Amino acid sequence: MAEQDLQSIKARFNIIGNSENYLRALRVAVQVAPTDLTVLISGESGVGKEVFSKIIHELSLRRHNSFIAVNCGAIPEGTIDSELFGHEKGAFTGAVDNRKGYFEVVNGGTIFLDEIGEMPPSTQARLLRVLETGEYIRVGSSKTQKTDVRVVAATNVNLLEAIAKGRFREDLYYRLNTVPITVPPLRERREDIPLLFRKFTVDFAERNRMQPLRLNEDAKNRLINYRFPGNVRELKNIAEQMTVLSKTRDITEEEILQFLPTHHFSQLPALAVAGAQETTYSERELMYKLLFDMRKDINELKQFMFTLAERGYVPSDMVQAHFVERGEAYSNEQVMPYSGADSFNTPIILSAAQESGTRLRNNTAYTETASAEIVDESLSLMDKEQEMIIKALKKYNGKRKLAAEELGISERTLYRKIKEYKIDE
């Protein structure tokens, strides 16, 4: 492709960037656009994958027909089939009329399926049939319909890893990945950061009748060396914040530091895997949090047993047996020997009884052993997961978005878990 043609396309679609890896992705999009091949666009959240889908459509023979962008992660699992393929009247509760799906509405055009990795397995099977035969069936119908739609998909997760975990169909992946396009993150095209910042601040200043910002060299270097986990979307937000809130139009390094986040919010333990996306581990993070909470509970129970042994309410040989069973080291100096309840003062006995469930009978203390209480408590991961979800929903009065953020999972995952555990909201 001639450099002049590439520059005209950049100007037409308002694209800013001169880094080689970004221009390579742009060239692939331009070359594949005139065909009807399915395209899979990969890249982190915020890199501008939807822009590439629009370029592919506008430069294709379908440009005069419809284009629609669908976020697969934002549609509940129970309704996504209806949204994409339509439904018949009475197909389910609330289906009061026939409804056309996106594949019927956009016939002859292009459909952009964003966050394809979040698509449920049953819908993946339906999509595979559309890609292979151009046929689909409305929900609640037995009649096969035809459609001529070009599919451009995008994902911010590693689909090969999703396939290995059984979350994504391998045959669908290879059907979608006819032409792959990888959009690089902002940290891999650092030379474009000052250009993008200038573009965003000038556009915002013009719309709001303000003076644009100017960065000195130190401020520019500080901006270039920031990682931008939110990519272009985060850079745009920072540029607009600075345009509004900065007291001066000449930005120094000290000034720009006030707008660059110093840390990223992640309260859940997670495995650090190079190149992995945060949504890949949403459910794994929840499992880790459950395991850490269970470990904390067990440690607290251990400490509680030591306290009881020191006060004489649990024989020290019971605690010692626990350590021998687990193959752990034990020292007699860790606990005081059990000497019977009669050698303890009544107030202390009463205090310990309130703490551990000890009862007094005829002025004699006896203990319902802690082991019985431990057995009663379920250590099932599924039970713990269900319990945490219920607590989060109660904490935020049933608001799923806030509850999902508290649990460290996506709202879609939370919706599926609520359905799986039949949790009454």
Side-chain angles (χ1 to χ4, degrees), residues 1-69 109-110 112 114 150-154 156 178-208 211-217 219-221 223-228 230-240 242-243 251:
M1 178 186 297
E3 187 65 26
Q4 185 177 359
D5 295 337
L6 190 63
Q7 292 299 327
S8 64
I9 290 172
K10 288 170 62 178
R12 175 181 172 183
F13 292 99
N14 202 22
I15 292 176
I16 305 295
N18 296 317
S19 62
E20 183 54 38
N21 51 0
Y22 187 77
L23 293 180
R24 187 183 307 117
L26 183 59
R27 291 190 186 99
V28 173
V30 173
Q31 285 180 282
V32 76
T35 72
D36 270 340
L37 293 175
T38 305
V39 180
L40 179 62
I41 307 172
S42 302
E44 295 179 5
S45 178
V47 295
K49 297 186 289 295
E50 187 169 348
V51 174
F52 280 78
S53 69
K54 291 178 179 177
I55 291 173
I56 292 171
H57 174 71
E58 291 296 330
L59 298 180
S60 73
L61 300 177
R62 300 173 180 264
R63 58 183 173 271
H64 299 299
N65 297 326
S66 301
F67 170 88
I68 189 170
T110 304
F112 173 55
D114 198 8
R150 182 182 192 176
V151 174
V152 178
N156 60 359
T178 306
V179 178
I181 296 176
T182 302
V183 184
L186 200 53
R187 61 181 174 275
E188 294 180 7
R189 42 184 293 227
R190 296 185 185 277
E191 62 267 37
D192 295 337
I193 292 176
L195 299 175
L196 288 165
F197 181 87
R198 177 67 179 172
K199 170 66 175 175
F200 293 145
T201 187
V202 168
D203 288 350
F204 185 79
E206 287 180 353
R207 289 196 306 269
N208 295 274
Q211 287 294 321
L213 304 179
R214 294 177 296 275
L215 301 177
N216 66 18
E217 283 303 313
K220 186 182 297 184
N221 290 334
L223 192 68
I224 290 173
N225 290 319
Y226 177 63
R227 282 187 59 81
F228 285 104
N231 292 294
V232 178
R233 186 182 295 122
E234 183 180 10
L235 175 60
K236 183 178 181 181
N237 290 343
I238 291 174
E240 293 178 352
M242 293 179 63
T243 306
I251 305 300

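Because the structure is a prediction, the values reported are computed rather than measured.
The two atoms that bring K236 and F200 nearest to each other are CA-CD1, 3.5 Å, heavy atoms only. The two atoms that bring S60 and A33 nearest to each other are CB-O, 3.1 Å, heavy atoms only. When all heavy atoms of A69 and E50 are compared, the closest pair comes out as CB-OE2, 3.6 Å. Taking every heavy atom of both residues into account, G46 and N231 meet most closely at O-CB, 3.5 Å. Nearest heavy atoms, F112 versus A153: CE1-C, 4.2 Å. When all heavy atoms are compared, the tightest approach of L213 to F197 is CD1-CZ, 4.1 Å.
Rounded to the nearest 0.5 Å, atoms CD1 (I56) and CD (Q31) are 11.5 Å apart. The OG atom of S42 sits 4.5 Å away from the CG atom of L40 when rounded to the nearest 0.5 Å. The CZ atom of R150 sits 9.0 Å away from atom CG of L61, with the distance rounded to the nearest 0.5 Å. The distance from atom NZ of K220 to atom CG of N225, rounded to the nearest 0.5 Å, is 13.0 Å. With rounding to the nearest 0.5 Å, the separation of OG1 in T110 from CD1 in I68 is 11.5 Å. If you take OG on S45 and CG on N156, they are separated by 5.5 Å, rounding to the nearest 0.5 Å.
Judged by distance alone, with hydrogens and angles left aside, the side-chain atoms of N21 form a donor-acceptor pair with the main-chain N or O of E188 at under 3.5 Å. Judged purely by atom type and a 3.5 angstrom limit, R198 has no side-chain atom pairing as donor or acceptor with the backbone of P212. K10 contributes a side-chain N or O that, together with a main-chain N or O of G17, makes up a donor-acceptor pair within less than 3.5 Å.
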(request) Take R227 and L186 through the test side-chain contact (heavy atoms from CB on, under 4.5 Å) and record every step on the way to the result. (result) CA-CA 8 Å; R227 282 187 59 81; L186 200 53; over 6 Å; no
(request) Let me see the working for T243 and T201 under side-chain hydrogen bond (donor to acceptor under 3.5 Å, both in side chains), right down to the final yes or no. (result) CA-CA 6 Å; T243 306; T201 187; 2.8 Å; yes
(message) One pair to check against side-chain contact (heavy atoms from CB on, under 4.5 Å): R189 and N18. What are the steps and the verdict?
(response) CA-CA 8 Å; R189 42 184 293 227; N18 296 317; over 6 Å; no
(message) Using the rule given for side-chain contact (heavy atoms from CB on, under 4.5 Å), can you reason through I224 versus Y226, listing the C-alpha separation, both sets of side-chain angles and the distance that settles it, and then say yes or no?
(response) CA-CA 6 Å; I224 290 173; Y226 177 63; over 6 Å; no
(message) Apply side-chain contact (heavy atoms from CB on, under 4.5 Å) to residues V51 and N14 and explain how you reach the verdict.
(response) CA-CA 10 Å; V51 174; N14 202 22; over 6 Å; no
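V152 is listed as a side-chain neighbour of I41, based on a closest heavy-atom distance under 4.5 Å. Residues V30 and I9 are in side-chain contact: their nearest non-hydrogen atoms beyond the backbone lie under 4.5 Å apart.
With respect to the salt-bridge test (charged N to carboxylate O, under 4.0 angstrom), the residues D203 and R207 do not qualify. Using a cutoff of 4.0 Å between basic side-chain nitrogens and carboxylate oxygens, E44 and K49 are not scored as salt-bridged.
The number of heavy atoms from other shown groups lying within 6.0 Å of NZ (K54) does not exceed 12.
Judged by distance alone, the side chains of Y22 and E191 never bring a donor and an acceptor atom under 3.5 Å apart.
Under the side-chain contact (heavy atoms from CB on, under 4.5 Å) criterion, V179 pairs with V28, V32, L37, V39, not counting sequence neighbours.
For the pair R187 and F228, the cation does not sit on the ring face, since its NZ or CZ is not both under 6.0 Å from the ring centre and inside 45° of the axis.
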